[in-house]
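Notes for the one structure printed next.
The basis for the numbers below is simple: all heavy atoms, side chains too, and nothing from hydrogens, waters or symmetry mates.
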Amino acid sequence: MSELVPEPRPKPAVPMKPVSINSNLLGYIGIDTIIEQMRKKTMKTGFDFNIMVVGQSGLGKSTLVNTLFKSQVSRKASSWNREEKIPKTVEIKAIGHVIEEGGVKMKLTVIDTPGFGDQINNENCWEPIEKYINEQYEKFLKEEVNIARKKRIPDTRVHCCLYFISPTGHSLRPLDLEFMKHLSKVVNIVPVIAKADTMTLEEKSEFKQRVRKELEVNGIEFYPQKEFDEDLEDKTENDKIRQESMPFAVVGSDKEYQVDGKRVLGRKTPWGIIEVENLNHCEFALLRDFVIRTHLQDLKEVTHNIHYETYRAKRLNDNGGLPPGEGLLGTVLPPVPATPCPTAD
């Protein structure tokens, strides 16, 4: 009886390595026009950017955001006068604006928060803010899992949270550490030292180092997180920001003054004008370039690919892999535990 010879197993298909072709030898194809196509599309549709400001009252949160975008974006009332004192924030309020520059439209939403940490008992006072952030993820997820989805889902997710640190020159408050420990897991936190003109250059440098050390000791990761660096170029650029710039020591002002024949944004003091955009005076220009000119798109991508995906995976896992609100045989599951914040706009 002849032995059965096993059939030879087919070798797994090995993907071919892409071959680089010099298009100059074969003629122009036009692949490089994709960048221009993307630019035109973005200019037509515009994009969303949502920034949240958190910190004690009196640290100049509203003023700094106005300075960042060079317009009155922190208050909706057009009747607000520059000479008037900015009213104290008493509720979570999302204020939307459309800003256009160079033909590019941006729908900017500023999420103003309560006077965080102003109360005598501040226990768990970060919960309404964390709840608001998660509610925006939930809203996006519900739109995403709809059978008839919108062509463009409105994006209300918080892309950046500016956390304002009081310029004490000593150390972070336990409340600062607790807030950033909780919120750094769900949103991109960028720490800033407010009203940096109240400290000397030596005090400012020492305070920045102390804050970085405290964040490291407490295991608090702020944006840009090391694990999200995509390549060596990103790592080199972000390491410099993490080790030298963070937290940004800033001064905000939406008042103009005449200095050496030119108009500048600044704060008038008995000894002179503190120029907001002068790097010798404060680090506002570094913060603006970081948030708007170099990392704005990355802030949006990290929000979508990391924070939102983490929330989405947890929600679907808790729901048995089904879309929120749907159970087996069409039964409706209980609503999301996070109830709407009563003061949210």
Side-chain angles (χ1 to χ4, degrees), residues 38-55 61-76 89 92-113 129-130 132-141 143-144 150-164 183-184 186-192 222-225 228 230 234 237-238 241 245-246 248 250 252 254 284-309 311 344-345:
M38 291 167 68
R39 188 186 72 84
K40 282 184 177 178
K41 197 170 186 66
T42 303
M43 287 179 71
K44 281 182 182 179
T45 59
F47 62 95
D48 302 298
F49 186 63
N50 309 314
I51 186 168
M52 174 181 272
V53 288
V54 179
K61 300 187 297 293
S62 299
T63 302
L64 185 78
V65 175
N66 286 342
T67 316
L68 267 177
F69 297 99
K70 294 192 175 178
S71 54
Q72 304 300 323
V73 294
S74 67
R75 298 287 166 206
K76 188 166 263 182
T89 304
I92 295 179
K93 184 176 288 188
I95 304 166
H97 296 267
V98 175
I99 298 177
E100 187 170 349
E101 186 179 55
V104 178
K105 289 181 183 177
M106 177 173 76
K107 184 185 176 188
L108 172 70
T109 301
V110 178
I111 300 101
D112 219 349
T113 61
I129 299 172
E130 184 176 18
Y132 178 89
I133 292 168
N134 283 328
E135 283 170 356
Q136 308 319 306
Y137 290 145
E138 182 67 20
K139 193 185 294 184
F140 193 89
L141 177 58
E143 288 286 351
E144 200 176 46
K150 294 177 182 176
K151 185 178 179 182
R152 190 166 181 258
I153 299 174
D155 190 0
T156 60
R157 297 170 298 180
V158 181
H159 301 123
C160 177
C161 173
L162 295 181
Y163 187 81
F164 285 68
L183 272 291
S184 62
V186 297
V187 72
N188 296 317
I189 287 187
V190 175
V192 297
F222 50 82
Y223 177 86
Q225 297 91 329
F228 303 157
E230 293 186 357
D234 280 359
E237 182 184 356
N238 290 338
I241 292 167
S245 301
M246 291 284 189
F248 296 96
V250 299
D254 44 18
F284 168 81
L286 294 178
L287 173 65
R288 178 204 57 209
D289 290 354
F290 174 69
V291 171
I292 300 173
R293 301 185 183 181
T294 62
H295 284 69
L296 190 146
Q297 180 59 28
D298 191 64
L299 281 163
K300 288 167 62 69
E301 288 178 4
V302 171
T303 298
H304 181 79
N305 298 330
I306 308 296
H307 297 304
Y308 170 67
E309 281 300 317
Y311 178 87
D345 206 20

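No more than 12 heavy-atom neighbours from other residues, nucleotides or ligands sit within 6.0 angstrom of CD on Glu230.
Residues Val250 and Leu64 have side chains in contact (heavy-atom distance under 4.5 Å, counting atoms from C-beta outward). Under the 4.5 Å side-chain criterion, counting only non-hydrogen atoms from C-beta, Phe47 is in contact with Val104. Side chains of Asp298 and Tyr223 form a contact here, defined as non-hydrogen atoms less than 4.5 Å apart. Within the 4.5 Å cutoff, no side-chain heavy atoms of Leu183 are placed close to those of Tyr163. Residues Val186 and Val158 fail the side-chain proximity criterion, which asks for heavy atoms closer than 4.5 Å. Under the 4.5 Å side-chain criterion, counting only non-hydrogen atoms from C-beta, Phe69 is not in contact with His97. Inter-residue side-chain proximity for Leu68 and Leu162 is flagged as met; some heavy-atom pair is nearer than 4.5 Å. Between Gln225 and Ile306, every side-chain heavy-atom pair lies at or beyond the 4.5 Å cut-off.
Between Val187 and Cys161, the closest heavy-atom pair is CG1-CB, 4.0 Å. Looking at every heavy atom in both residues, Gly46 comes nearest to Arg152 through O-NH2, 3.2 Å. For the pair Ala94 and Thr109, the tightest heavy-atom approach, listed with the atom from each and the gap, is CB-CG2, 3.9 Å. Nearest heavy-atom pair, Leu286 versus Ser245, reported as atom, atom and distance to 0.1 Å: CD1-OG, 4.3 Å. Contact detail for Ile189 and Ser184: the closest heavy-atom pair is CD1-N, 3.6 Å. Contact detail for Leu141 and Tyr311: the closest heavy-atom pair is CD2-CE2, 4.4 Å.
Ring pair His304/Phe140 is perpendicular by interplanar angle, where above 60° counts as perpendicular and below 30° as parallel.
Each of Asp112, Leu108, Val110, Ile95 was evaluated against Val65; a single residue qualifies, Val110, per the side-chain contact (heavy atoms from CB on, under 4.5 Å) test. Between Gln136 and the choices Asn50, Thr156, Asp155, the side-chain contact (heavy atoms from CB on, under 4.5 Å) rule is met once, by Thr156. Exactly one residue among His295, His159, His307, Lys300 makes a side-chain hydrogen bond (donor to acceptor under 3.5 Å, both in side chains) with Asn188. That residue is His307.
Interatomic distance, CZ of Phe284 versus OG1 of Thr67, reported as 5.5 Å (0.5 Å rounding). Separating the CZ atom in Phe49 from the OG1 atom in Thr303 is a distance of 8.0 Å, to the nearest 0.5 Å. Residue Glu301 holds its CD atom at 10.5 Å from CG of Leu296, rounded to the nearest 0.5 Å. Between Met106 atom CE and Asp48 atom CG the span is 10.0 Å, to the nearest 0.5 Å.
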>> One pair to check against side-chain contact (heavy atoms from CB on, under 4.5 Å): Val190 and Leu287. What are the steps and the verdict?
In response: CA-CA 9 Å; Val190 175; Leu287 173 65; 4.1 Å; yes
